[in-house]
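Indexing begins at 1, ligand by ligand and atom by atom, following the structure's order. Starting from 1, each residue takes its place in the sequence as its number. What you see below is based on every heavy atom in this structure, not just the backbone, and it leaves out hydrogens, waters and symmetry mates.
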Amino acid sequence: IMAIGGFSLQKGNIASGKTTCLEYFSKTSNIEVLTEPVSKWRNVRGHNPLGLMYQDPARWGITLQTYVQLTMLDRHLSTISAPVRMMERSIYSAKYIFVENLYRSGKMPEVDFAVLSEWFEWITQNITIPVDLIVYLQTSPQTCLERLKVRCREEEKVIPLEYLEVVHQLYEDWLIKKTSFHIPAPVLVISADDDMQKMLHQYEENREKIIAARNV
Ligand SMILES: Nc1ncnc2c1ncn2[C@@H]1O[C@H](COP(=O)(O)OP(=O)(O)O)[C@@H](O)[C@H]1O
Ligand SMILES: Nc1ccn([C@H]2C[C@H](O)[C@@H](COP(=O)(O)O)O2)c(=O)n1
């Protein structure tokens, strides 16, 4: 998300409710919201790298993640149209969660991981990526699985609970235990297992903190 010249980023497991949260803020305040470019990941010049990655991660993981890195960088650098910006996920979570998971689980060859890491390090060392606050929607993997089923994206039908558990643990190690990677901004944690009505209440309670992200 960005607050009057700053940004805040929305983090959370697959189907944790990030898009729903951002839609709520975009309707209720003068905040620019950037959702993930998932439609591009599902269709680049007629190809579907997201679907290919779920079908054969060892072959297509590098393809999807290279494109994710490009599209996230494009989002980070796009011109700001409001005093506050909120953005779903980031170039950081792409690398620290999804690329890391592919590599650690033995589904990404070492050479693919090395090339992606070189790209990531070059980008983060040479380009300023503004971020003032990370909003972490903390859910149980079980909640994500239920919401994933409701959302029913064709490519994601193959995702088992175990995958969501691993992604959850990577987020927890990074943003809660703070034992894995560099954290680019302070972290605001919002428990997100609750029903919609309770979630809207929590968003309201945290609205000022998000909007004033520069002072966190
Ligand atoms: N608090 C909630 N309670 C129940 N369902 C929810 C809640 N928040 C989101 N959902 C539903 O769960 C699914 C995934 O939410 P979404 O916002 O797309 O997640 P994400 O962007 O994190 O992947 C959607 O069908 C959405 O309507
Ligand atoms: N670096 C990334 C980012 C996202 N994905 C996948 C995970 C989901 O299937 C989809 C985005 O879903 P959402 O944020 O809406 O839950 O894209 C990935 O594989 N790698």
Tell me, please, whether Tyr136 has Lys11 positioned over its six-membered ring: NZ or CZ under 6.0 Å from the ring centre and within 45 degrees of its axis?
no

What protein heavy atom sits nearest [atom], and how far away is it?
atom: atom 1 (N) of ligand 1; answer: Asp194 O, 2.9 Å
atom: atom 24 (C) of ligand 1; answer: Arg151 CB, 4.3 Å
atom: atom 12 (O) of ligand 1; answer: Arg147 CB, 3.3 Å
atom: atom 21 (O) of ligand 1; answer: Thr19 OG1, 2.5 Å
atom: atom 16 (P) of ligand 1; answer: Thr20 OG1, 3.6 Å

Where on Asp195 is there a heavy atom closer than 4.0 Å to ligand 1, on the side chain, on the backbone, on both, or on neither?
backbone

Of the side chain and backbone of Lys18, name the one, both, or neither that has a heavy atom under 4.0 Å from an atom of ligand 1.
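Under 4.0 Å from ligand 1, Lys18 contributes backbone and side-chain atoms.
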
Protein neighbours of ligand 2 with a heavy atom under 4.0 Å, given by chain and number, are Ile14, Ala15, Lys18, Glu36, Trp41, Leu50, Met53, Tyr54, Leu64, Gln65, Val68, Glu88, Arg89, Ala94, Phe98, Arg151, Arg153, Glu156

What class does the angle between the rings of Phe120 and Tyr96 fall in, given that below 30° is parallel, 30 to 60° is tilted and above 60° is perpendicular?
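Perpendicular.
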
How are the rings of His76 and Tyr92 set to each other: parallel, tilted or perpendicular (split at 30° and 60°)?
perpendicular

If you count the atoms of ligand 1 from 1 in the order shown, which ones are under 4.0 Å from a heavy atom of Glu88?
21 (O)

Which ligand 1 atoms are under 4.0 Å away from a heavy-atom of Met199?
1 (N)

Do the charged groups of [X] and [Y] touch, with an N to O distance under 4.0 Å?
X: Glu146; Y: Lys149; answer: no
X: Glu156; Y: Arg151; answer: yes
X: Glu172; Y: Lys177; answer: no

Who are the salt bridge (Lys or Arg N to Asp or Glu O under 4.0 Å) partners of Arg59, not counting sequence neighbours?
none

side-chain hydrogen bond (donor to acceptor under 3.5 Å, both in side chains) for Trp41 and Thr71? Distances and angles first, verdict last.
CA-CA 9 Å; Trp41 307 343; Thr71 55; 2.9 Å; yes

For ligand 1, is there an N or O atom under 3.5 Å from any N or O atom of Gly17?
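Yes; at least one N/O pair falls below 3.5 Å.
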
If only side-chain N and O atoms count, and only distance matters, is there a donor-acceptor pair under 3.5 Å linking Asn13 with Thr139?
no

Could you tell me if Lys95 and Ser117 have a donor-acceptor pair between their side chains, going purely by distance under 3.5 Å?
yes

State if Ala15 counts as touching ligand 1 under the rule of any non-hydrogen atom under 4.0 Å.
yes

Counting only heavy atoms not in Gln125 (residues, nucleotides, ligands), do more than 12 fall under 6.0 Å from its CD?
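It does: Gln125 CD has more than 12 such atoms within range.
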
Would you indicate whether Glu118, at its atom CD, is surrounded by more than 12 heavy atoms from other residues, nucleotides or ligands within a distance under 6.0 Å?
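Count not over threshold, so no.
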
Option with minimal heavy-atom separation from atom 7 (C) of ligand 1, where the choices are Glu156, Lys149, Glu36, Met196:
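Ranked by closest heavy atom to atom 7 (C) of ligand 1, first place is Met196.
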
